[in-house]
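Because only heavy atoms are used, hydrogens play no part in the values below, and waters and symmetry mates are left out as well, while side chains stay in.
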Amino acid sequence: MNIKTKGQAKAMVYIMTILFIGGFIFLFITDSNNKRIEENGVHTQATVIDITSVHTKKGVRSVYGIAEYYDEQGVAHKYDGFLGNNDTEIGSKVDIIYNVDNPDEVIKENPLLIIFVIGFGVLAGIFLILSIAVTFGGKDRLAVNCMQQQVSDEELARIVREYMPQTKQKYQAKKSKNKGVDKIGDDAVLLNDILGGDPIGMLMKTGQKEAREFGNIYLCAVIRPTDQNIYSDKISFSDEVMEAASGRRSVPAFVVYGTDGYFEANPAELKVAASRLAGDVWGGQFSPEDMQLIDYLRNTSSRPFNVAYKGELTMGHSVMITTVVLDKDHLCNKKLCNKLHYILADPQRTKYAQILPAWYSSVWELSAF
C-alpha cells in the first residue's frame with residue numbers, strides 16, 4: 001500500500017489550490033469576455049467547412065474545426081473552435097456571436113460555462129481554506145522550544161514538586177479544547193508497521209483516546225525508543241520524501257512509570273531505573289527473569305503494554321512498563337531531548353498510555369527533564 005507523508009499531502013493541497021484558482025481566473029475572464037461580446041454582438045449562423053479533431057467520451061462526440069460566417073457587410077470570417085457534438089458534420093450550421101465592432105472576435109454560446117466558473121470558484125475557495133489551515137493550523141501552533149540544563153537531584157525533585165500540580169491543572173483546563181492537537185500524528189513507517197499487524201495499531205486507533213479520557217498524570221522515564229531517528233531534528237517541509245525513514249515523525253518507545261507517587265518525589269531514581277531496564281548496568285546480581293526482561297526491552301519489536309514489575313532493576317519499587325508513541329510535534333524542540341516526561345495512564349481502566357504533549361509543561365520542567 002502506498003502511503004504518503006503529511007508533507008506530500010500538504011504539497012498536494014497547495015498544488016490543487018493553485019490549479020483551481022488558476023482555472024477559476026481563466027474561466028472567469030473567458031465568461032466575462034463572452035458576456036461583453038454577447039451584449040454588443042450579432043447572432044448568426046456559421047457553416048462548418050473543416051473538422052480538425054473529434055474527441056469521443058462515453059459515446060458522445062466533441063467536434064472541433066472551422067466554420068465560416070458573414071458579417072452585416074457580407075465579408076467572410078472564420079470561427080475556429082468547438083463546433084458541437086454527435087450531429088455536427090461538414091456543412092452543418094452552428095450558432096455563433098461576433099462583435100459588431102470587430103467581426104473577427106467571435107464566440108460560440110456555452111450555457112455550461114457559468115456552471116464551470118461557479119464550480120471552480122467553490123473548489124478554489126475550499127482549497128484556499130485548506131491551504132491556510134495546513135500552513136497555520138494544527139499542532140505546530142503549540143510547538144514548544146526549550147533549552148536543556150543539568151540540575152541536581154534535589155533541584156529536579158523541587159521542580160517536579162512545585163510545577164507538576166500546575167501542569168495537571170493546565171491539562172484539565174485545556175484537554176477538551178486540545179483534542180485535535182493532542183492526538184498522535186501519523187507516520188509513514190509506523191503506518192506500514194500497523195498494516196503489517198503491529199499491536200501499536202490499537203494504541204493509535206483507540207488507545208490514545210482512552211489514555212486521554214481516563215488517564216492520570218504520572219512521571220515516566222524513557223527506557224529506549226525503537227528508532228534512533230526520534231533524537232534527530234524534525235526535517236523541514238521542503239525536504240520530506242515519501243516513506244523515507246529520515247522523515248519519521250512518530251516513533252514507539254518503551255517507558256517506565258510508577259503510580260504510588262514515589263518517583264514524583266524522587267525523579268532522579270526513575271532515570272536510574274529506566275537506564276537499568278535498558279541494560280545500562282555495571283556489576284550487581286540480577287535474576288534470570290530480570291535479564292529476560294532486559295533482553296525483551298532490547299528487542300524493538302516488543303510491545304509491552306502496562307507490564308507490572310517490582311525488583312532489583314527498579315531498586316525494589318513497583319513500576320509499570322509500557323509502550324507509547326513519541327510524536328515529534330508533541331516533544332520539546334520536536335525531538336527526543338528529555339529523559340523524563342509526563343504520561344497519561346490508568347492501568348486499572350486501560351492498558352494504553354500516551355505521553356503528555358510538551359505544551360502543558362512549564363519551561364522549568366522541560367529544561368530540567
Side-chain angles (χ1 to χ4, degrees), residues 2 4-137 237-238 240-242:
N2 197 21
K4 296 182 178 180
T5 64
K6 284 183 178 179
Q8 285 206 320
K10 286 184 178 180
M12 184 60 68
V13 170
Y14 296 146
I15 291 171
M16 296 302 292
T17 301
I18 293 171
L19 290 177
F20 281 120
I21 290 177
F24 170 72
I25 293 173
F26 171 77
L27 291 171
F28 180 80
I29 292 174
T30 301
D31 184 61
S32 299
N33 183 62
N34 286 3
K35 282 184 170 60
R36 176 182 59 80
I37 295 175
E38 289 175 7
E39 291 174 356
N40 189 36
V42 176
H43 292 253
T44 189
Q45 286 192 321
T47 303
V48 177
I49 60 173
D50 187 24
I51 293 177
T52 56
S53 64
V54 177
H55 306 288
T56 302
K57 185 176 182 180
K58 295 182 179 180
V60 178
R61 295 169 70 242
S62 296
V63 180
Y64 295 82
I66 300 172
E68 187 177 55
Y69 63 97
Y70 294 86
D71 63 22
E72 293 177 324
Q73 282 70 43
V75 179
H77 302 272
K78 291 180 180 179
Y79 162 80
D80 188 354
F82 173 70
L83 299 175
N85 299 115
N86 292 343
D87 57 349
T88 303
E89 304 288 349
I90 291 180
S92 299
K93 299 293 185 180
V94 296
D95 294 322
I96 56 94
I97 306 172
Y98 68 85
N99 186 346
V100 69
D101 297 323
N102 181 13
D104 287 320
E105 189 176 23
V106 59
I107 62 170
K108 187 178 186 301
E109 284 188 293
N110 184 1
L112 296 178
L113 182 58
I114 187 61
I115 297 177
F116 284 104
V117 173
I118 295 173
F120 269 75
V122 170
L123 290 171
I126 291 173
F127 275 90
L128 182 61
I129 292 172
L130 287 175
S131 295
I132 294 172
V134 300
T135 302
F136 300 104
F237 166 72
S238 60
E240 292 179 22
V241 292
M242 184 184 297

Quiz prompt | Reported NZ-to-OG1 distance for the pair Lys35 and Thr30, which is rounded to 0.5 angstrom | solution = 11.0 Å
Self-check item: From CZ (Phe26) to CG (Asp31), nearest 0.5 Å
Solution: 11.5 Å
Quiz prompt | Spacing of CG belonging to Asp80 relative to OG1 belonging to Thr52, to within rounding of 0.5 Å | solution = 6.0 Å
Quiz prompt | Contacts of Ile25 that satisfy side-chain contact (heavy atoms from CB on, under 4.5 Å) - sequence neighbours left out | solution = Ile21, Ile29
Quiz item: Which heavy atom of Lys108 sits nearest a heavy atom of Tyr79, and at what distance?
Solution: CB-OH, 3.5 Å
Exercise. Would you mind reporting whether Gln45 and Asp95 have side-chain heavy atoms less than 4.5 Å apart?
Key: yes
Exercise. State, with a plain yes or no, whether a side-chain heavy atom of Ser62 is found less than 4.5 Å away from one of Asn85.
Key: yes
Practice problem: Applying side chain to side chain donor-acceptor pair (under 3.5 Å), name anything that partners Asp71, two or more places apart in sequence or on another chain. | Solution: His77
Quiz item: For the atom pair CZ (Phe116) and CG (Leu123), what is the distance rounded to the nearest 0.5 Å?
Solution: 11.5 Å
Quiz item: Looking at Tyr64 and His55, what are the two nearest heavy atoms and their distance?
Solution: CE1-CD2, 3.3 Å
Quiz item: Taking it one step at a time, do Val117 and Phe24 satisfy side chain to side chain contact (heavy atoms under 4.5 Å, CB included)?
Solution: CA-CA 6 Å; Val117 173; Phe24 170 72; 4.0 Å; yes
Exercise. For Asn99 and Arg36, run side chain to side chain contact (heavy atoms under 4.5 Å, CB included): C-alpha distance rounded to whole Å, both residues' side-chain angles, the deciding distance at 0.1 Å, then the answer.
Key: CA-CA 9 Å; Asn99 186 346; Arg36 176 182 59 80; 3.6 Å; yes
Quiz item: Nearest 0.5 Å, what's the CD1-CG distance between Ile118 and Leu27?
Solution: 11.5 Å
Self-check item: Residue pair Ala67 / Leu83: nearest heavy atoms and the distance that separates them
Solution: CB-CD2, 4.1 Å
Quiz item: OG1/Thr47 to CD1/Ile96 distance, rounded to the nearest 0.5 angstrom?
Solution: 10.0 Å
Quiz prompt | Minimum heavy-atom distance Ile51-Thr88, with the two atoms named | solution = CD1-O, 4.2 Å
Self-check item: Side-chain heavy-atom pair Val106, Lys78 within 4.5 angstrom cut-off
Solution: no
Practice problem: Specify the closest pair of heavy atoms between Phe127 and Thr17, including all atoms of both residues, with the distance to one decimal. | Solution: O-OG1, 2.9 Å
Quiz prompt | More than 12 heavy atoms of other groups within 6.0 Å of Phe28 CZ | solution = no
Quiz prompt | Partner set under ring-ring contact (aromatic ring centres under 6.0 Å, His included) for His43, not counting sequence neighbours | solution = none
Quiz prompt | Distance-minimising heavy-atom pair for Ala46 and Tyr69 | solution = CB-CB, 3.7 Å
